[in-house]
Amino acid sequence: MASEFSEAFLLEAERHAAWGAVQLEALTAFLPEGPWTADLPSCLYQQGELQLRVAVLGTYDMDEQSWMWGWANPGLQGTEVVALSAAVERYGRAQGIAELSEGVLQLSGFDDPRRAAEMLAFTGMGVAEAPGYIGVPAGGGTQVYFLPDDAQVPRVGLDPVTLPRTLLTGAGLIGYSARHVVGGYFDHHGVPRRVEGDRIVADLPGGNAVEVDFDAAGRIAGVRGKVSP
């Protein structure tokens with residue numbers, strides 16, 4: 001029984017940490033208060049007055065303390081509503097990440113199984129490049145996780161002003177590899193980057209650059225902008 005995630009999974013999770021944290025905040029602010037309903041054959045989710053197209057990413061069984069990816073759900077296999085989840089499985093297989101390619105994961109060996117489920121949802125969101133995830137109770141001790149697949153959901157762009165805080169916050173979420181956090185953030189935004197010793201340099205739109213320095217322990221030591229002449 002697994003009691004921790006593999007290194008391959010943790011490095012993948014880190015790639016999405018900074019971008020994902022900001023994007024989840026934006027989704028939370030966007031969603032209205034109110035009860036939710038879902039029509040899975042139509043890929044539709046409604047919360048309050050808002051209706052969104054969604055995909056089912058996975059479910060967490062609180063009693064069994066297990067996670068099931070949407071593509072592995074016997075009642076949903078092969079349907080449109082789990083297409084994004086199936087893309088996560090294909091990526092996991094291609095990259096050799098067992099946590100993304102095994103249909104059911106037993107989490108009872110983890111110190112905090114619920115947090116482990118959230119980390120699976122967070123990483124699946126990042127791999128699918130979805131603008132957040134929505135976790136809601138579905139009765140019977142089950143939590144279902146949806147991915148918005150709808151242009152209505154705002155996507156947060158790269159903001160040079162808040163960039164240092166965004167990277168430092170992201171690096172603190174999992175705490176495994178700050179380099180993967182920084183590199184993954186720039187990758188998400190399609191920003192060219194290069195490694196120069198203990199530094200990652202990214203070329204921002206408009207001709208400016210940002211330099212992220214790391215200390216001997218691999219932590220972020222500084223983030224500074226470089227204005228081109």
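This one's a predicted model, so the numbers in the text were calculated from it and none came from an experiment.
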Item to check | Check against side chain to side chain contact (heavy atoms under 4.5 Å, CB included), V56 and Y145 | outcome: CA-CA 6 Å; V56 172; Y145 291 85; over 6 Å; no

Checklist entry - Does the side chain of L31 reach to within under 4.5 Å of the side chain of L52, using non-hydrogen atoms? => result yes

Next on the checklist: Can you pull out every side chain to side chain donor-acceptor pair (under 3.5 Å) where at least one residue sits in residues 62-76? Sequence neighbours excluded, please.
Outcome noted: none

Next on the checklist: Ignoring hydrogens, what is the shortest heavy-atom contact between T79 and L76? Give both atom names and the distance.
Outcome noted: OG1-O, 2.6 Å

Next on the checklist: To the closest 0.5 Å, what do you measure between CD1 (I220) and CG (D215)?
Outcome noted: 10.0 Å

Next on the checklist: Quick one, R224 and V210 - any side-chain contact, counting heavy atoms below 4.5 Å?
Outcome noted: no

Checklist outcome for this item: Rounding to 0.5 Å, atoms CD (Q95) and OG (S101) come to a distance of 10.5 Å

Next on the checklist: Within the 4.5 Å heavy-atom criterion, are H16 and V127 side-chain neighbours or not?
Outcome noted: yes

Checklist entry - Would F214 end up clustered with L167 when hydrophobic side chains under 4.5 Å apart are linked, directly or stepwise? => result yes

Item to check | Heavy-atom side-chain proximity of M125 to L24 below 4.5 angstrom | outcome: yes

Item to check | Of all pairs that satisfy side chain to side chain donor-acceptor pair (under 3.5 Å), the ones with a partner from residues 191-201, not counting sequence neighbours | outcome: R179-D198, D187-R193, R194-E196, R194-D203, R199-D213

Next on the checklist: Let me confirm one number: the CD-CD1 distance from E89 to I97, rounded to the nearest 0.5 Å.
Outcome noted: 12.0 Å

Item to check | By ring pair (Phe, Tyr, Trp, His ring centres under 6.0 Å) - contacts of F9 (at least two apart) | outcome: F5

Checklist entry - For residues 28-49, which residue pairs qualify under side chain to side chain donor-acceptor pair (under 3.5 Å), counting only residues two or more places apart or in two chains? => result D39-S42, Y45-Q47, Q46-Q51

Item to check | Verdict with reasoning, E80 to R53, per salt bridge (Lys or Arg N to Asp or Glu O under 4.0 Å) | outcome: CA-CA 11 Å; E80 189 181 0; R53 180 178 170 81; 2.5 Å; yes

Item to check | Smallest separation among heavy atoms of G124 and V88, with atom names | outcome: O-CG2, 3.7 Å

Next on the checklist: Taking side chain to side chain donor-acceptor pair (under 3.5 Å) as the cut-off, I'd like each qualifying pair that reaches into residues 119-136, sequence neighbours left out, listed once.
Outcome noted: E118-Y133

Checklist entry - Out of curiosity, does V212 fall in the hydrophobic cluster containing L11 (side-chain heavy atoms, cut-off under 4.5 Å, transitive links)? => result yes

Item to check | Closest heavy-atom pair and its distance - A8, G96 | outcome: CB-O, 4.4 Å

Checklist entry - Rounded to the nearest 0.5 Å, what separation is found between the CD atom of E99 and the CE atom of M119? => result 9.0 Å

Next on the checklist: Could you report the tightest heavy-atom contact between P148 and G132, atom names first, then the distance?
Outcome noted: CD-O, 3.1 Å

Item to check | Step-by-step side chain to side chain contact (heavy atoms under 4.5 Å, CB included) determination, V191 to L204 | outcome: CA-CA 6 Å; V191 173; L204 301 183; 4.2 Å; yes

Checklist outcome for this item: Between the CZ atom in R155 and the CG atom in L27, the distance rounded to the nearest 0.5 Å is 10.5 Å

Checklist entry - Do V54 and L44 have side-chain heavy atoms sitting under 4.5 Å apart? => result no

Next on the checklist: Quick check on the hydrophobic clustering: are L105 and I174 connected, directly or via other members, by side-chain heavy-atom contacts under 4.5 Å?
Outcome noted: yes

Checklist entry - Given side chains that start at C-beta, do those of L10 and E7 come closer than 4.5 Å, heavy atoms only? => result no

Checklist entry - Just wondering, do L120 and L107 contact through their side chains at under 4.5 Å, heavy atoms? => result yes

Checklist entry - When clusters are formed by joining ILVMFWY residues with side-chain heavy atoms under 4.5 Å apart, either directly or through shared neighbours, do W19 and V181 land in the same one? => result no

Checklist entry - Under the ring pair (Phe, Tyr, Trp, His ring centres under 6.0 Å) rule, what pairs show up with a residue in residues 155-187, not counting sequence neighbours? => result Y185-H189

Item to check | Between CG on residue L57 and CD1 on residue I134, distance to nearest 0.5 Å | outcome: 11.5 Å

Checklist entry - Do V81 and V136 share a hydrophobic cluster, counting only Ile, Leu, Val, Met, Phe, Trp and Tyr and linking them when any side-chain heavy atoms are less than 4.5 Å apart? => result yes

Checklist outcome for this item: In terms of heavy-atom contacts, G92 and L100 come closest through CA-CB, 3.7 Å

Checklist outcome for this item: Smallest heavy-atom separation, P154 atom then P131 atom, equals O-CB, 4.5 Å

Item to check | Side chain proximity check, T142 to Y60, heavy atoms < 4.5 angstrom | outcome: no

Checklist entry - Is E14 reaching over with its side chain to a backbone N or O of S177, donor-acceptor style, under 3.5 angstrom? => result yes

